[in-house]
Amino acid sequence: MFNFKNLKLVLAFLSLFVLISSVEETYAKYNTEAEGQANINIARWQISINNQDIITDSYITNVITPTLINNPNVKNGVIAPLSVGYFDLILNYTNVDVSFNYGITTSIATNSNVTDLKVTGYSENGGNVIPVDSNMNNVGNTILVTDTNRIKTIRVYITWDDFETETMNNSADTMAAINQGKAILNVSIRFTQITE
């Protein structure tokens, strides 16, 4: 004979199993995982002076070409007392993705035979000549990343001073010429990213 007590027990376990299963499905949460990478472009910082990349080669002596203004009393291509000339620094920052400051300073090289070499001024992109002290202290500017012009030409004007501010007398001028020395001007250009 069939035992109703056992049937009740089986039905109770079956009901309990159905109840647990439905409660488990009711309170189940979705659980999914994904992975990836955030690819962020790095700002470019490639500046050239007179077509030379200064990141790979910061020694720019070979790309600075002085031009001496013709004087009927001085041979072309040489400097003498009271001669004037200039050199250009063409800054190309086409491949720069940040705003930055630049500063230019000059000084007479210790091995220069002419200590009266003087910077008289500079111009930007063919503009008016701006007078400066002889070392170009505090010459510089800010270049914003939003500026559309990505090339700037800075023309630096020089002279062999032979006036009251000279440090060499006529005898020293003559000795520099006899020794076939060089008039050497140190040029330093610093570029600094604007961080804020």
Side-chain angles (χ1 to χ4, degrees), residues 1-67 86-107 109-110 119 121-130 132-133 135-157 184-196:
M1 171 142 194
F2 188 72
N3 187 349
F4 282 108
K5 192 175 182 180
N6 285 342
L7 180 63
K8 283 183 185 179
L9 193 57
V10 170
L11 285 175
F13 280 120
L14 189 59
S15 297
L16 183 62
F17 177 73
V18 170
L19 179 65
I20 289 173
S21 294
S22 69
V23 167
E24 183 179 285
E25 287 178 13
T26 302
Y27 291 103
K29 295 179 181 178
Y30 293 118
N31 187 5
T32 305
E33 189 173 313
E35 292 183 11
Q37 297 175 336
N39 294 319
I40 303 168
N41 292 329
I42 297 172
R44 297 175 298 171
W45 181 255
Q46 181 184 12
I47 300 170
S48 68
I49 298 174
N50 298 352
N51 294 319
Q52 178 177 307
D53 182 349
I54 63 166
I55 301 301
T56 58
D57 188 3
S58 63
Y59 184 73
I60 61 172
T61 297
N62 298 331
V63 296
I64 296 177
T65 306
T67 300
Y86 62 87
F87 59 88
D88 289 334
L89 301 171
I90 302 170
L91 311 180
N92 185 330
Y93 39 93
T94 303
N95 294 321
V96 175
D97 295 330
V98 295
S99 298
F100 64 93
N101 293 319
Y102 72 87
I104 303 171
T105 57
T106 60
S107 63
T110 55
V119 174
Y122 74 99
S123 66
E124 292 184 357
N125 296 327
N128 293 331
V129 176
I130 302 164
V132 296
D133 69 19
N135 293 328
M136 290 188 70
N137 291 327
N138 301 318
V139 172
N141 212 335
T142 298
I143 304 295
L144 299 175
V145 72
T146 55
D147 289 349
T148 55
N149 184 14
R150 306 305 288 166
I151 296 175
K152 180 179 286 218
T153 300
I154 300 168
R155 179 163 284 179
V156 178
Y157 295 90
I184 304 171
L185 183 70
N186 293 324
V187 179
S188 176
I189 308 171
R190 176 176 287 284
F191 300 93
T192 307
Q193 175 190 342
I194 298 172
T195 56
E196 292 182 13

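As the structure is a computational prediction, the values presented were derived from the model and not from experiment.
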Let's go through Ile143 and Asn149 carefully: what are the C-alpha distance in whole Å and the side-chain angles of both, what is the deciding distance for side chain to side chain contact (heavy atoms under 4.5 Å, CB included) to 0.1 Å, and is it a yes or a no?
CA-CA 9 Å; Ile143 304 295; Asn149 184 14; over 6 Å; no
When you compare the side chain of Val139 with that of Tyr102, does any pair of heavy atoms fall below 4.5 Å?
no
For residues 34-44, which side-chain N or O atoms pair as donor and acceptor with protein atoms under 3.5 Å away, sequence neighbours left out?
{"from": "Arg44", "atom 1": "NE", "to": "Asp97", "atom 2": "OD1", "distance (Å)": "3.3"}
{"from": "Arg44", "atom 1": "NE", "to": "Asp97", "atom 2": "OD2", "distance (Å)": "2.9"}
{"from": "Arg44", "atom 1": "NH1", "to": "Asn95", "atom 2": "OD1", "distance (Å)": "2.9"}
{"from": "Arg44", "atom 1": "NH2", "to": "Asp97", "atom 2": "OD1", "distance (Å)": "3.0"}

Does atom CG (Asn128) have a neighbourhood of more than 12 heavy atoms from anything else shown, all under 6.0 Å?
no
With side chains defined as the heavy atoms from C-beta onward, is the minimum distance between Leu89 and Val187 less than 4.5 Å?
yes
Side chain to side chain contact (heavy atoms under 4.5 Å, CB included) assessment of Thr192 paired with Ile194:
CA-CA 6 Å; Thr192 307; Ile194 298 172; over 6 Å; no
Assess the residue pair Tyr122 and Met136 against the criterion (side chain to side chain contact (heavy atoms under 4.5 Å, CB included)); give the C-alpha distance rounded to whole Å, side-chain angles, the decisive distance to 0.1 Å, and a yes or no.
CA-CA 9 Å; Tyr122 74 99; Met136 290 188 70; 4.2 Å; yes
Once you round to the nearest 0.5 Å, how far does OG of Ser48 lie from OH of Tyr93?
11.0 Å
Between Phe87 and Pro66, what is the shortest heavy-atom contact and its length?
CB-CA, 4.0 Å
Is it true that Trp45 and Phe100 have ring centroids separated by less than 6.0 Å?
yes
Would a distance-only check, ignoring hydrogens and angles, find a side-chain to backbone donor-acceptor pair under 3.5 Å from Thr153 to Ile90?
no
Does any non-hydrogen side-chain atom of Tyr157 lie less than 4.5 Å from one of Val129?
yes
Can you check whether Ile151's main-chain N or O pairs, donor with acceptor, with Asn92's side chain at less than 3.5 Å?
no
Donor-acceptor list for residues 54-63 side chains, cut-off 3.5 Å, not counting sequence neighbours:
{"from": "Thr56", "atom 1": "OG1", "to": "Asp53", "atom 2": "O", "distance (Å)": "3.3"}
{"from": "Asp57", "atom 1": "OD1", "to": "Tyr59", "atom 2": "N", "distance (Å)": "3.3"}
{"from": "Tyr59", "atom 1": "OH", "to": "Thr61", "atom 2": "OG1", "distance (Å)": "3.4"}

Output for pair (Ser123 OG, Ile154 CD1), nearest 0.5 Å, gives 9.0 Å
Not counting sequence neighbours, list each pair that qualifies as a salt bridge (charged side-chain N to carboxylate O under 4.0 Å, His left out) and has a residue in residues 138-156.
Asp88-Arg155, Glu124-Lys152
